[in-house]
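One is the number of the first residue; the rest follow in order along the sequence. Atoms within a ligand are numbered from 1 in the order they appear, just like the ligands themselves. Side chains are part of it too, since the values below use all heavy atoms of this structure and drop only hydrogens, waters and symmetry mates.
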Amino acid sequence: MLEEKYLLMLPGPTPVPPPVALAQAMPMMNHRGEAFTALFREITAGLQRVFRTRQPVLVLPGSGTGGFETALQNFVAPGEKVLAVVTGAFGDRWAKGARALGYEVERLDVEWGRAADPGELRERLAAGRDRPIRAVLLTHNETSTGVTNPIRELAQVAREHGALVMVDSVSGLGALPIEMDEWGLDVVLTGAQKALMCPPGLTLLAASPRAWEASDRNPGPRFYFDLRPYRDGYEKASLPYTPALALLYALRESLRLIEREGLEAAWARHRLLGRMTRAGVRAMGLELLVRDDRFASDSVTAVKAPPGLSPSAIRRTARERFGVILAGGQGPLSETVFRIGHLGYVVPGDVVQALAAVEGALALHGLPVELGRAAAAAEAVWLDALREQAPAPART
Ligand SMILES: *Cc1c(COP(=O)(O)O)cnc(C)c1O
């Protein structure tokens with residue numbers, strides 16, 4: 001087998017398009033010079049369009065988790081209370097991080113595989129605890145379960161209560177619709193290595209005027225990840241410290257690709273990838289973790305392994321025999337599900353290939369599968385979408 005040719009179907013890191021990868025090799029520049037100003041302005045304008053915000057979008061070194069910590073330390077004062085809405089492993093990580101940083105953390109735990117319910121959030125916030133909840137921590141797309149939470153409705157409830165709305169959109173932003181300003185989101189953060197198609201290493205974060213006011217009042221200690229110098233230098237493209245230039249070159253290139261496709265076209269492509277994946281999985285007789293399609297993620301799908309076959313065996317066979325890299329289950333799901341990532345630099349044909357690998361793996365493990373069913377179901381969804389986009393081509 002040609003080992004270097006494989007298909008990466010992870011929910012992060014995701015495949016990096018060649019122009020994005022190559023851009024990193026450009027010569028370094030003076031980050032206090034004019035060329036940097038042009039680079040910075042192009043990136044921040046592109047990010048504001050992807051975040052759907054007029055607020056500054058800050059680019060920091062780190063991964064998504066670094067964004068959690070930075071958001072908390074800047075926008076919530078030490079010891080204050082936050083409510084973490086936990087729908088899976090990433091929500092759980094954010095809650096644990098907040099606790100580790102000394103915040104008082106209340107949790108609203110939702111069964112893994114289900115979406116958070118705005119009514120339940122309203123009840124919890126109204127329960128009138130002794131201390132005010134300063135922020136509600138939300139996960140837009142829970143990557144561990146493949147659930148997309150109804151962020152717009154959850155955010156509205158949190159705002160009615162006067163809490164800051166902080167959203168982890170690490171596996172959402174760029175792939176799934178999100179409207180930071182219109183939906184009243186106070187903090188939105190993501191990482192570069194998911195739908196933004198870059199190598200890992202950047203955290204991207206934007207905050208509302210309300211959040212910045214909270215930051216200015218916050219007496220908590222911060223230094224390298226104090227966001228105020230980033231905000232204050234934003235208009236002049238002046239950063240407090242040396243930026244990760246090679247990654248910024250990559251990000252500029254990926255934002256150009258998003259611009260060329262069109263953000264809404266990218267959302268539609270992900271919707272198609274999600275629908276194709278779910279159709280294919282069902283056609284081969286496997287069960288999806290998320291039962292309610294209204295909340296099924298269009299960037300990652302969690303699939304239950306069939307009885308008698310472990311998800312790790314399916315993944316190993318898919319990788320070693322079919323050259324397709326799938327993700328495992330996280331935490332309590334590690335023995336029951338595997339995940340297919342379909343976000344970023346992914347096209348419908350990749351989904352067909354991934355489904356064929358899963359189906360082939362089941363067959364190699366001796367399960368009774370009818371070869372081609374998954375691909376046929378996915379292709380039918382694909383063809384419907386193509387027919388909707390344009391009339392059928394002529395016969396000749
Ligand atoms: C990937 C991811 C993160 C961040 O993980 P890092 O490994 O720190 O980049 C956070 N939240 C969600 C929902 C994610 O998918």
Proximal ligand 1 atoms for Thr143, defined as those under 4.0 Å from one of its heavy atoms: 12 (C), 13 (C), 14 (C), 15 (O)

Arg278 side chain near Asp298 side chain, heavy-atom distance below 4.5 Å: yes

Contact partition for Lys194 relative to ligand 1, non-hydrogen atoms under 4.0 Å: side chain

Atom indices of ligand 1 within 4.0 angstrom of Asn141 heavy atoms, with elements: 13 (C)

Protein contact of atom 4 (C) of ligand 1 - nearest heavy atom, named by residue and atom, plus distance: Gly64 CA, 3.6 Å

Test of proximity, Ser63 against ligand 1: N or O pairs below 3.5 Å: yes

Lys194 charged N/C atom sitting above Phe90 aromatic ring, 6.0 Å / 45°: yes

For Trp267 against Ile178, the heavy-atom pair lying closest together: CZ2-N, 3.9 Å

Atom 5 (O) of ligand 1: the protein heavy-atom neighbour that sits closest, reported with distance to 0.1 Å: Arg93 NH1, 3.4 Å

From Phe90, Trp94, Phe68 - option closest to atom 3 (C) of ligand 1 by heavy atom: Phe90

Proximity of His140 to ligand 1 by residue part, where a heavy atom lies under 4.0 Å: neither

Linked, directly or transitively: Val136 and Leu154 (ILVMFWY side chains, under 4.5 Å): yes

Closest approach of any protein heavy atom to atom 9 (O) of ligand 1, naming residue and atom: Gln193 NE2, 2.7 Å

Ion pair check, Arg114 and Glu111, cut-off under 4.0 Å: yes

Residue part near ligand 1, for Asp168, under 4.0 Å between non-hydrogen atoms: side chain

Between CZ on residue Arg52 and CD on residue Glu179, distance to nearest 0.5 Å: 4.5 Å

Under-4.0 Å salt bridge between Arg107 and Asp92: yes

